[in-house]
Amino acid sequence: MRERFASGFDPFVIPFVIGMAFVLGYCLIAMIRVICQLPKADRKRFLLSLITPKYIWMNLRDIFLNCLIHVKLWKRNKVLGYMHSSIAFGWFMLIVLGHLEVMLFVPERIHLFYYPIFFNYFVAETEQTLQGALLMFLMDFFLLMVLSGILIAIIKRFASRIVGMRRTTRLSALDRVGLYSLWAIFPLRLLAESFTAHISGGSFMTIPANWLFRQFLGNDLNALPTWWAYSIALCIFMCVLPFTRYMHIPAEMLLIPMRNAGIKIRHPRKGFALLEVYSCPGCGVCIDACPMSVRKTNCKDATVYLNRQLRRGNERRIAEISDKCLLCGKCSAVCQVGVQGPELRVAQRERRKFALTPSYTGMDVQPLTAAVAGKGGVLYFAGCMTQLTPSIRRATASLLDKAGVRWHLMDPDGGLCCGRPLMMAGRSEQARELIAKNLEIIRASGCDTLLLSCPICYKVFKEEYPLEGVRVVHHSVFFQELIAAGKLSVTHEDGLRLVWHDPCELGRGCGIYEQPRQALATAGEIVEAGMHHAESICCGGSLGSLTLSYEQRQPMTQNALDNLTVADPDQIVTGCPLCLATFVRMADRPVRDLAEVLDEHC
Amino acid sequence: MVNRQPIIAVIGAGIAGLEAASQLAALGYKPVLIEKAPVVGGHVAEWNRLFPDMTPAEDVLQPLLAGTAKVRTLLNTEISAINRLKDEYNLILSDGSSLLCQAVLFATGFHLFDASKKEEYGYGIYDRVITNRDLEQWFNSRQDARIDKPRAVGFVHCVGSRDLKAGNPQCSKVCCITAIKQAIEMKEEFPDAEIYCFYMDLRLFGKKYEDFYIRAQRDYGIHFIRGRISEVGEAIDNRVVVKAEDTLSGKPVKVTLDLLVLMAGIVCNPDAQQYAREIGVAVDEDGFLKSRNNLAAITDSSRPGVFFAGACTGAKTVPETLAEARSAALAIHNYFNSRG
Amino acid sequence: MIYQGKQKIWSDYQKEIPDDHWFYVRSCIRQSFFPASETHFVKIVRDLLGKDLYETPHHTTCGGIAYHSDTIPQETAMTIVARQFALMTEAGYKNLVTSCITSFGNYCEILETWREFPELEARIREHLWKACRREFEKPEYVAHASDVIFKLRGEIAERAKYHLVSRATGEPLRVVEHIGCHYSKMFPHKGVGGAEYPCVLSGMVESWGGQVIDYPERRHCCGFGFRQYLVKANRGYSVSNTHKKFESMEPYHPDMIITNCPGCPYFLDRWQYVIAEQTGKTYGQNGCGIPALTYEELAGLVLGYDPWDLGLQIHQVGPEPLLDKIGIPYDPNRKYLGLNEKEIMKPGLPTVLKCC
Amino acid sequence: MDFGFKLSPSSAVNLDTVDHRRFDRLAQLVPDALTCIGCGSCSATCTASAWTGMSVRKVLLGLQRGQDAEVDKMLSGCMLCGKCTMVCPRGINTRQLILTLCRLDKKGEMVR
């Protein structure tokens with residue numbers, strides 16, 4: 001290999017250099033800004049994590065798996081997975097190999113950061129070596145890989161159904177510029193490298209292409225303009241990148257270490273929230289996943305659009321999208337970069353100004369406290385919703401008695417709200433007051449276990465109540481354990497087909513998927529819904545949404561029911577009174593709580 | 001059978017009489033419509049539009065008029081006396097003639113309660129107090145000095161209905177929905193007006209009535225106040241001051257209105273009671289004519305050959321009245337058939 | 001307002017009032033507060049118009065106040081009333097005329113109760129016999145004294161020296177008529193003109209040249225309300241009621257108020273002072289109040305009796321502006337002279353309400 | 001002068017003078033608020049009512065009757081648990097209604 005130009009420079013690299021300098025500068029400033037916006041404690045925690053070996057390893061692994069290989073996407077959709085990883089990983093490898101070539105053949109040029117990109121223009125092949133041929137081969141191989149990805153991307157854009165997506169995002173004008181320039185980069189690179197392959201050498205793609213071109217072009221006049229075009233395409237892409245969804249590429253590389261460090265959204269628009277917004281690749285997976293998008297309604301209210309509106313600062317739409325969401329968490333579950341749609345929305349809700357702020361400090365909960373004081377054992381908090389579904393409370397009580405558990409009901413005549421609905425509405429400060437009141441009662445009871453039959457309550461008691469020494473448990477888990485310990489003997493009913501509906505707050509909210517199924521399997525045969533576990537569909541009754549009307553929710557409920565009944569179960573079983581009450585209104589078959597089913601077979 | 005074509009006296013040419021006469025004529029009988037007023041159509045002819053679809057009253061009447069075009073109709077005719085003969089009835093008419101018929105159908109309808117009897121509401125005393133009928137006539141004629149760009153309008157439900165002291169403990173059935181209809185019409189006419197409905201109970205039992213009510217609430221913003229107006233006074237500017245208890249908040253309410261519409265209820269036509277007594281047909285405790293059986297034979301009287309149709313047996317809606325008129329025609333047909 | 005409409009209603013509530021031969025029972029309250037009114041009723045009816053009016057010193061309270069204040073049961077009130085009837089029967093009269101509206105209401109209520117429950121009447125007869133060995137016949141007619149004046153309003157108008165007309169403008173005076181609640185609200189047919197638009201007082205006013213004004217709170221209670229006044233803790237409600245009436249009649253600028261109940265003239269008069277003290281507001285012209293008179297006082301004025309003989313000086317609100325308006329002469333120096341021409345002492349003057 | 005008693009304010013609601021701007025604005029933002037039939041299901045099922053006297057029915061009525069202080073007191077006792085939404089026969093989104101009301105000032109303006 002020898003250099004063709006003593007200067008090591010040609011004007012066509014200027015666009016690339018400008019683009020690269022701009023994007024690097026922009027990202028650096030944005031990164032500093034995000035880090036500065038973090039609360040002090042979070043910032044310290046994050047910076048410490050960057051020098052902790054455990055986190056360094058985690059970060060590298062996650063960045064490699066998520067940003068380059070797109071493991072999550074592979075699991076979800078092989079075609080999309082291939083498309084993303086071929087482009088990302090292929091491009092990454094082109095850059096790495098480019099640097100390798102520079103280091104091997106012209107190490108004195110390694111400081112010119114454009115050199116590895118345009119290596120084939122600047123060098124001429126003097127002799128063929130095995131080492132050179134291998135690198136050439138790899139370069140062509142990865143270029144082919146990227147090109148195959150681009151091809152899929154083009155097909156996806158015009159016919160998203162082929163790649164398994166029902167709906168995809170509508171692109172903004174700049175997104176289109178970014179997209180087309182991205183599409184252009186690699187074909188142009190192929191052309192440019194092909195035009196110079198007889199000088200710089202090439203491999204299985206560039207050499208035949210070079211031969212082909214020379215057959216009818218006959219000269220090298222096309223080579224320089226093509227390198228210019230390649231450089232300009234790169235420049236355009238990098239210059240628009242910060243203003244397009246492609247910002248997710250650099251943003252995600254910061255998001256991963258921050259998330260690994262345990263940073264959470266503390267401000268609706270700054271710091272981690274801002275980073276999440278920029279990390280959104282705008283892929284639109286959340287649109288299909290969103291339970292509100294049934295019958296093509298509310299498609300513009302998916303998390304991808306929230307992120308877009310947050311970037312644009314459209315307050316009216318931000319408020320609308322934030323308030324409408326059911327907070328079921330499915331968008332987070334399917335999101336490739338892990339944007340927390342619900343948390344982002346709740347943060348927006350928390351920002352609201354109110355003319356009137358509730359206060360519960362004046363309530364005298366003495367009667368509730370007195371009723372359970374010093375009772376110990378298991379304290380069962382049935383919760384507000386269960387009052388509308390008394391069968392749950394009755395079945396739970398019956399099972400507890402059958403298992404010989406020493407238990408007491410915390411709210412026989414109705415207690416206080418757990419505070420979770422307030423938190424969902426963005427009024428967590430007020431929720432703290434309720435939490436304090438409930439804590440008073442629980443502490444006074446001296447219980448060792450707090451049993452909940454409502455996942456809404458369960459989540460808040462588990463996460464927000466400082467209940468050291470008290471085990472907070474959902475009844476599905478508690479009963480599963482009682483069955484496993486032989487304290488409850490459930491008779492299996494052959495031929496009884498049961499489908500388990502994972503309530504949002506229990507499944508995605510608290511990660512409880514298996515225990516209810518195990519418990520249920522003792523009573524009948526479990527069949528699965530069309531989508532289940534983390535992908536289960538919200539019943540539509542969620543308290544998360546502040547604005548959806550009953551009429552708007554009905555098709556969502558119907559959709560969730562259709563999903564649950566694909567395997568034609570005899571009964572739909574769930575573990576949430578709200579899901580139960582919502583489904584019962586529209587279901588064509590019995591909807592039961594887990595406790596009811598178990599109690600019937602006990 | 002004495003006569004191949006029995007004559008049936010149909011007393012009253014409101015919608016019940018017209019429909020029954022038209023059905024009887026189609027069945028091959030000779031109905032004779034006897035109407036006190038100079039025109040046929042009864043109350044419906046005085047009405048402008050009908051609930052719940054805002055159908056013009058005209059649209060209900062037209063087919064009935066067409067169906068009875070060939071029926072002998074005696075207008076401006078009152079019945080001086082009715083005699084019961086063996087199997088036949090002899091009607092002495094106000095013009096001195098008499099009519100011998102083989103069956104009598106009471107389609108005498110109802111009287112609108114005289115709202116001035118509820119003295120505390122000041123109908124006939126205060127300038128701005130009118131009745132549902134007055135308002136309906138205004139919809140037809142647009143001429144009523146009392147209705148002058150009102151900014152606040154009140155409707156009082158149950159005027160002379162469900163009111164022991166007013167002599168009519170029964171529900172008049174149609175007033176709630178009529179009040180809602182008229183309230184909507186007034187709101188359409190005067191969009192800036194505040195409209196209040198003072199009700200005791202809202203009885204919206206019929207098809208589409210509840211939808212109508214929701215529309216009145218949501219689309220027209222009509223205020224429904226559960227409480228009966230206790231008294232009406234007149235302010236210095238001739239507007240009326242009404243007082244009621246808002247029973248849902250347990251507080252007295254007071255409001256000044258430009259127009260107060262009294263939803264006068266339905267009472268039995270006193271003429272019907274008179275005729276019934278003459279031929280020994282029973283009158284019920286509620287003042288309406290007494291059917292042989294309130295469930296299975298609502299159109300039959302206690303006497304053979306005497307039948308009822310429509311509001312003479314109690315408050316009825318238009319579709320109920322029409323259905324009953326057809327049913328009465330069939331009952332008469334069966335009556336003659338069974339006599340061979 | 002459609003006047004014909006009112007006349008139609010009045011025609012439905014014609015009350016039969018006998019011409020002559022009355023057994024008169026006085027009112028506890030009026031004897032104390034407006035003794036001259038009752039005196040002048042007797043003077044006008046018996047002395048001036050020559051009717052037969054009999055009264056006996058043996059009659060007592062009818063028990064109405066105690067009954068309405070929930071301090072005696074109705075049977076006790078009935079027995080007291082039965083004794084009055086016995087006095088009437090003993091005197092040979094059949095027509096009862098009461099000075100008090102509450103008595104009138106009480107008598108009517110008891111007679112109606114006996115009509116519905118004859119066994120109760122029998123028991124009361126027994127009680128009366130046990131108590132004082134008396135027997136009675138029920139009156140044929142029960143009338144209120146204002147019914148009698150209403151009946152005689154034409155004769156009074158014929159003898160009238162003054163009319164309810166402003167001397168300065170010739171316009172009829174604007175008069176608020178206030179009917180006592182117990183007059184016809186319980187039994188509309190027992191009152192002249194019914195309960196909603198009674199004409200017993202408006203008939204007098206119109207006959208004597210005045211104009212009745214119809215204001216929104218016309219039917220409202222004067223504010224006495226028995227327990228509302230008698231229990232001091234409730235007195236705020238009493239004065240608030242009166243205040244509501246004055247607020248409602250204010251835009252009509254009434255020249256005077258006439259009433260037919262013992263409590264009403266008292267509260268419509270005295271509370272004007274209290275309202276003025278509490279709110280600083282007066283309802284008459286030039287900081288004065290609106291004179292609130294009894295119908296006998298009004299009849300007396302029309303007939304030319306001396307205002308001080310009629311007892312107008314014992315009203316809180318000074319009658320002088322009204323007298324001046326009609327043109328009735330009066331001697332200011334005699335205002336506080338008793339019947340024996342001795343000073344009966346001048347009252348202290350209120351701070352807000354102007355009382356001449 | 002102290003008489004030992006005072007003119008007591010009238011308990012009557014004068015609809016001529018009631019300020020219903022807040023209700024009108026609410027009706028604009030949540031039109032279903034107009035369709036309440038006062039059945040009381042919301043209050044009967046309310047978790048907070050026993051502790052704070054909250055009642056959606058009374059809030060809606062109070063707004064139309066000028067009982068601002070009572071309305072505010074009730075609203076500040078709402079725990080947003082959503083049971084009222086579940087039971088409302090007219091399908092009124094009561095939580096949205098309450099949250100919207102909490103954002104309106106006395107004049108019916110949205111606080112910013």
Side-chain angles (χ1 to χ4, degrees), chain A residues 315 319 323-324 349 352-360 362-365 367-368 383-389 411 413-427 430-431 433-434 437 454 456-457 541-554 577-578 581-582 585, chain D residues 21-22 25-26 29-33 35 41-42 44-54 59 63 68-112:
Chain A
E315 292 298 335
D323 287 358
K324 198 185 264 186
R349 293 176 185 183
R352 290 287 143 73
K353 282 216 172 63
F354 287 94
L356 206 74
T357 305
S359 169
Y360 315 103
M363 290 184 311
D364 179 18
V365 294
L368 289 177
C384 327
M385 288 297 166
T386 311
Q387 286 187 319
L388 292 177
T389 50
D411 51 348
D413 300 313
L416 301 181
C417 177
C418 60
R420 175 86 178 130
L422 276 166
M423 292 196 144
M424 284 175 150
R427 312 203 83 174
Q430 283 74 45
E433 294 184 12
L434 284 183
K437 294 280 177 188
C454 171
I456 306 169
C457 305
S542 168
L543 288 173
S545 173
L546 305 179
T547 57
L548 280 177
S549 69
Y550 179 60
E551 288 79 10
Q552 287 171 309
R553 288 170 189 256
Q554 275 175 312
L578 184 51
T582 309
R585 291 185 195 133
Chain D
R21 284 177 296 181
R22 198 151 52 133
R25 184 90 179 99
L26 174 72
L29 298 167
V30 189
D32 281 353
T35 65
S41 303
C42 48
T45 198
C46 182
T47 300
S49 73
W51 309 101
T52 66
M54 173 61 187
V59 163
L63 281 172
D68 277 319
E70 292 92 328
V71 165
D72 289 354
K73 188 170 170 289
M74 284 189 278
L75 281 175
S76 28
C78 172
M79 299 176 183
L80 285 179
C81 73
K83 277 170 78 187
C84 45
T85 313
M86 289 177 75
V87 297
C88 178
R90 278 282 169 97
I92 302 174
N93 190 344
T94 46
R95 288 177 86 229
Q96 184 188 13
L97 186 151
I98 292 160
L99 281 166
T100 308
L101 268 178
C102 286
R103 298 188 61 196
L104 299 179
D105 66 14
K106 295 274 178 295
K107 295 176 190 162
E109 302 288 334
M110 189 78 88
V111 291
R112 301 253 169 231

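Numbers restart at 1 for each chain; the letters A, B, ... are given by sequence-line order, proteins then strands.
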Count the heavy-atom pairs under 4.5 Å between each of A:G414, A:G415, A:G383 and chain D, then report the option with the highest count.
A:G415
Most contacts with chain D, counted as non-hydrogen pairs under 4.5 angstrom, among A:L368, A:D323, A:D413
A:L368
Largest heavy-atom contact set with chain A, pairs under 4.5 Å, which of [options]:
options: D:G91, D:A48, D:C88, D:C78; result: D:C78
options: D:R112, D:R95, D:E109, D:M110; result: D:R95
options: D:L97, D:I98, D:L80; result: D:L80

Portion of [X] that has a non-hydrogen atom of chain A nearer than 4.5 angstrom:
X: D:T47; result: both
X: D:L104; result: backbone
X: D:V30; result: neither

How far does SG of D:C81 sit from NZ of D:K83, to the nearest 0.5 angstrom?
6.0 Å
Chain D contact via [X] - which portion, at a heavy-atom distance below 4.5 Å:
X: A:L543; answer: both
X: A:T357; answer: backbone
X: A:S545; answer: backbone

Result block: side-chain N/O donor-acceptor pairs under 3.5 angstrom for residues 416-427 of chain A, not counting sequence neighbours:
residue	atom	partner	partner atom	Å
A:R420	NE	A:E505	OE1	2.6
A:R420	NH2	A:E505	OE1	3.2
A:R420	NH2	A:E505	OE2	3.1
A:R427	NH2	A:L356	O	3.1

[Y] side chain reached by [X] side chain, heavy atoms, under 4.5 Å:
X: D:M86; Y: A:M385; value: yes
X: D:T85; Y: D:Q96; value: no
X: D:R25; Y: D:R103; value: no
X: D:R22; Y: D:D68; value: yes
X: D:R90; Y: D:D32; value: no

With sequence neighbours left out, write down each residue that passes side chain to side chain contact (heavy atoms under 4.5 Å, CB included) with A:D411, or none if nothing qualifies.
A:F381, A:A382, A:L409
